Amino acid sequence: GAMEALTRALDPVLSLIGFPAELLPMAIIRSLSGSGSAALVVDMINQYGEDSILVKMAAVMYGSSETTFYVIAVYFGAVGIRKTRHAVPAGLIADAAAMLVAVWTVRLLFG
C-alpha cells in the first residue's frame, strides 16, 4: 500500500514532466533489484499487454539503467573500498536520467 500511496501523492508532480505515475515503482525498484524490476515488467505486461506504451517504457527503463546499489556493493567490496564518496549520488543521478530519457524516447518514437 505504501508504493501505491506514494504513486498517488507524486502523480501531479510526475505529470508535469511527462512521467507516467504507473512507472514510479519501476524507477524506484530498478536501482535496488534486478529481479524485482524484472517482475514489475512482467506484471505490467500481464496488466497492460505487451504492446502497451507503458510496457515499452518499462522495458527501455529496465535495459537502460543499472542496479546501482548492487553494483556498488559488489564492485567496491571486491577491491576493498569502504567510502563510496560520490559514486552513489552519481549512480542515482544516472539512473534518474535514464528513466526520464527512456520515457521521453519511447513517447517520441511510439507516441
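Treat the numbers as computed from the prediction; the structure is a model and nothing was measured.
- Lys56 contributes atom NZ, which lies 5.5 Å from atom CG of Asp51 (distance to the nearest 0.5 angstrom).
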Using the side chain to side chain donor-acceptor pair (under 3.5 Å) rule, take Thr68 and Asp95 through it: C-alpha gap first, then chi angles, then the decisive distance, then the call. CA-CA 8 Å; Thr68 303; Asp95 283 343; 2.3 Å; yes

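- A donor-acceptor pair is defined here as one N or O able to donate and one able to accept, closer than 3.5 Å; no such pair exists between the side chain of Thr105 and the backbone of Ala102.
- Residues Val103 and Pro20 approach most closely at CG1-CD, 3.7 Å, considering heavy atoms.
- In terms of hydrophobic clustering, with Ile, Leu, Val, Met, Phe, Trp and Tyr side chains grouped at heavy-atom distances under 4.5 Å, Leu54 and Leu10 are assigned to a common cluster.
- The distance from the CD1 atom of Ile45 to the CG atom of Leu40 is 11.0 Å, given to the nearest 0.5 Å.
- Both Val55 and Phe110 are members of a single hydrophobic cluster when ILVMFWY side chains are connected at heavy-atom separations under 4.5 Å.
- In the hydrophobic clustering of this structure, Met99 groups with Leu6; members are Ile, Leu, Val, Met, Phe, Trp, Tyr whose side-chain heavy atoms approach within less than 4.5 Å, directly or through other members.
- In this structure, Trp104 contributes its side chain and Phe19 its backbone to no donor-acceptor pair below 3.5 Å.
- Atom CE of Met44 sits about 9.0 Å away from atom CE of Met57, to the nearest 0.5 Å.
- When atom types are taken as modelled, the side chain of Ser33 and the backbone of Ile29 share no donor-acceptor pair closer than 3.5 angstrom.
- Between atom OG of residue Ser35 and atom OH of residue Tyr70 there is a gap of 10.5 Å, rounded to the nearest 0.5 Å.
- Here the shortest heavy-atom pairing between Val41 and Met26 reads CG2-CE, 3.7 Å.
- The shortest side-chain heavy-atom distance between Met3 and Ile28 falls under the 4.5 Å cut-off.
- Clustering ILVMFWY residues whenever any of their side-chain heavy atoms sit less than 4.5 angstrom apart, transitively, puts Leu109 in the very cluster that holds Leu100.
- Following chains of ILVMFWY side-chain contacts shorter than 4.5 Å, one can reach Ile17 starting from Val106, so the two form part of one hydrophobic cluster.
- Of the inter-residue distances, the one linking Phe69 atom CZ with Leu32 atom CG reads 6.0 Å to the nearest 0.5 angstrom.
- Stacking of Arg30 on the aromatic ring of Tyr62 is recorded, both the 6.0 Å distance cut-off and the 45° axial limit being met.
- Rounding to the nearest 0.5 angstrom, the gap separating the CG atom in Leu92 from the OG atom in Ser65 is 11.0 Å.
- Within the structure, side chain to side chain donor-acceptor pair (under 3.5 Å) contacts touching residues 2-23 (residues at least two apart or in different chains) are Glu4-Arg8.
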